[in-house]
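Inspection log for the structure reproduced underneath, given as C-alpha cells.
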Amino acid sequence: MAHTAYLSTTSLNTPSERLEDDETTVEMGATLPAALQPQEWPATLWVALLTTAIAVLFQVFRRPAFPKNAPKWYKKGDWPILGAVEFYYGRRADFTREALRDSKTGNFSFYIGKKQLVGISGPEGRKLFFESKDLNFPVAFAELLTGQPQPPSQEGHEDNFAQIFSKSLIPLMKKENFVKNLDLLTGDTRAACDALSAAAPSKANPDWRVTDPFESFYEIVYQLTMRTVGANDIAEDPKLLKHTLSIFDWFEKSDSYAKVIFPWLPTVNNYLRLYYGAKLAFVFRDIIERRKKTGKKGNDALQFLIDRGLTLTNIVGFEIGALFAGQLNSGINAGYLQIFLTQNPEWMARLREEVDSVVAKHRTSPSQSRADVLGTLTIEEWESEFPLIDLALRETIRFCLPGATFRKNISGHDVPIGESGEVIPNGAFAIYLIEDSMFGDWYTDKMKWNPSRYFEENAEDKRVPHAYMGWGSGRHPCLGMKFAKLEMALITAYWVGLFDFEFSDKDGNRISPTSSLLMNRNLHSAKKPEQNMYLRYKLREE
Ligand code: HEM
C-alpha cells in the first residue's frame with residue numbers, strides 16, 4: 001500500500017504538493033527499522049564491514065610472494081592484480097623473449113593474476129621441462145587454457161578427464177584402426193581433389209582454378225579427423241561437417257583470457273563455450289539416439305567411445321579435446337606445407353618425383369590413373385614410401401608451432417631448475433618458449449624453410465637434446481603423430497600428384513607473396529594467416 005501511495009504522489013505537480021510528497025517519504029523512512037538505514041549504523045559496524053571487504057579483496061587479489069630461490073621476477077609489463085597481461089594479449093613470444101634476454105640465468109618469474117609462472121630455457125631448462133615427472137602437462141594445459149583450476153589427481157599425476165581422454169585416444173591411434181579406415185580416408189581425399197578439379201575456372205585465366213588452402217585443406221583434414229576420432233555420420237554428411245566445423249571454430253575463438261586471470265569471473269566467452277559445447281552435444285546426442293533406436297551400431301570412433309561407456313559429456317569433451325589437439329595443427333600445417341612448396345622449386349620437384357615414382361612402382365595397368373594407384377596403397381606403404389613429404393612436414397611444423405607451452409608443478413615441493421640454484425615453486429607453472437628449441441642456434445640459416453636440414457648427413461634436429469619438439473619431446477610425445485603423418489601424406493601425395501599449383505591472388509594471377517609467409521610467433525597456437533593466401537592449380541596430365 002505504501003508503495004502505491006508513493007507512486008501516486010510522483011505525478012503531483014505543484015511545489016506545495018511536492019513538499020507534501022517529500023514529507024510522506026520522510027515519514028515512511030522513519031518507520032523503517034534502524035538496521036535498514038545505513039546512516040543509523042554505529043561506527044563499529046562500519047569498521048567491521050570495511051575490514052571484511054578489505055580482507056575479501058586482499059584474499060581475492062593477493063599474489064603469493066615468490067620464494068627467494070625462484071628466478072628473478074621480471075616486472076616489466078606487470079600490472080597490479082592482473083600480472084603480465086601482454087603474455088596473454090598479443091605479445092606472448094616477444095614478452096618471453098625479452099624477459100629471457102634480461103635474465104642472467106635464462107629463467108625468470110612473473111604473474112598472471114595470482115598464478116605464478118616461471119619461464120625456463122637453455123639446456124637445463126629444456127631437460128627439466130621435457131623430462132621431469134614433477135611437471136604436469138594436462139593440468140597446466142586445462143588451467144591455462146580454460147582458467148579452471150583442475151581437481152587434484154586421483155591416480156598418479158593425471159586428472160580424471162585427462163585419463164579418460166588419453167585412454168580413449170590411444171587405441172584409436174593404433175595401426176589397426178588406420179587399416180580399417182584406409183579406404184574411407186583415401187576415398188575422402190580423392191573426392192576432395194575431384195571437387196577441386198570441378199571448381200569454376202579462375203577469373204584471370206580459365207586454365208587455372210583457385211583455392212584458399214586454409215579453407216579447402218583445413219576442411220579435408222577435418223573430414224579425415226572426424227573419420228578417425230568422431231562419427232562417420234558426420235564425416236559423410238557435408239551439411240553436418242560444415243555445421244560441426246563451424247561450432248568447433250567458434251568454440252576455439254571463444255577463449256577467455258580474463259578467466260585465466262580471474263577464474264571466478266563469469267565471462268561472456270565462458271558462457272559462449274558452454275553454448276557451443278551444448279550445440280555439439282546435441283549433434284552427438286541425436287546420432288547416439290538414432291543408433292539406439294534403430295539398433296544399428298556404427299563402425300567408427302564414436303561407437304568405440306559409446307561401447308567404452310563414456311557419458312555424452314565425456315564424449316563431447318573427448319571430441320573437443322581431440323579437435324583442439326589435432327584439427328588446428330594438422331589443418332594449418334596442411335595449408336602451409338603447400339604454400340612453402342610454391343616458394344621452393346627444388347622441394348616441389350623432389351616431392352613430385354617421390355609421388356610419381358611411388359605411383360610408377362605400384363601401377364599395375366596403364367589404364368590406372370595416379371589417383372587410382374594411390375587408392376591401392378597399403379598403410380605400410382603410406383608410412384614408408386613418402387619420406388620426403390615427412391621431412392617437408394617436419395620443417396613446416398618448425399614454423400607453425402608458435403608461442404609457448406606449459407607444465408604445472410603439482411609435485412607438492414619446489415622443483416630445482418638444474419644446477420642453477422633456482423626452483424619452480426610448488427603450484428607454479430613452467431613456461432617454455434617453443435622457439436628455444438625450434439629456432440635454436442644449431443639450425444643453419446634457421447629462418448629458411450629447408451627440409452634438407454633433417455637429412456641423415458645434416459641431422460640438425462639431433463644436435464642437442466630436445467633440439468626439435470614439433471611432435472613433442474621427452475615425456476609427452478604427440479599421441480596423434482602417426483595419424484597426423486598419415487593424413488598429411490595422403491593430402492600432399494594426392495595434391496602434388498594430381499595438380500600443378502602456384503602462389504596466386506584470389507583471381508588466379510600468379511604473384512609473389514608481398515608479406516612474410518611466416519606465422520606470427522606471438523600466437524598461442526597454430527592459426528590461419530591473417531591475410532588470405534591462395535593457390536592457383538590445374539590438373540596435371542596423366
Ligand atoms: C601436424 C599435426 C600435429 C602437431 C604438429 C602436433 C604437435 C604436438 C606437440 C608439439 C605436442 C606436445 C606439446 C607439449 O609438449 O607441450 C603434442 C601433444 C599431443 N598431441 Fe599432437 N600434434 C599434431 C596432431 C595431433 C593429432 C591429429 C592428435 C590427435 C587426434 C594429437 C594429439 C595430441 C595429444 C593428445 C597430445 C598430448 C600428449 C600428452 O598428454 O602427453 N596431435 N602434439
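None of these values were measured; they are calculated from a predicted model. First listed ligand is number 1; within each ligand, the first listed atom is number 1. Throughout, numbering of the chain's residues begins at 1 and tracks the sequence.
Using a 4.0 angstrom heavy-atom cutoff, P477 counts as in contact with ligand 1. For the ligand labelled ligand 1, residue P138 lies outside the 4.0 Å heavy-atom shell. Between F141 and ligand 1 there is no heavy-atom distance shorter than 4.0 Å.
With a 4.0 Å cut-off on non-hydrogen atoms, R407 touches ligand 1 through its side chain and not its backbone. Contact annotation: for L401 versus ligand 1, heavy atoms closer than 4.0 Å belong to the side chain alone.
Considering only non-hydrogen atoms, atom 23 (C) of ligand 1 lies nearest to C478 out of G331, C478, G480. Considering each of L323, L337, N329, the one bringing a non-hydrogen atom nearest atom 6 (C) of ligand 1 is N329.
Note on residues 377-396: pairs passing ring pair (Phe, Tyr, Trp, His ring centres under 6.0 Å), not counting sequence neighbours, are W382-F386.
Ion pairing between a basic and an acidic side chain is recognised when a charged N comes within 4.0 Å of a carboxylate O; E236 and R227 show such pairing.
For S109, the side-chain contact (heavy atoms from CB on, under 4.5 Å) test picks out F66, A70, P71, V118, with sequence neighbours left out.
Residue T405 has at least one N or O atom closer than 3.5 Å to an N or O atom of ligand 1. Where the criterion is an N or O separation shorter than 3.5 Å, residue side chain and backbone included, H476 meets it with respect to ligand 1.
In this pair, W73 and Y111 present their aromatic rings perpendicular. The plane angle is above 60°, beyond the 30 to 60° band.
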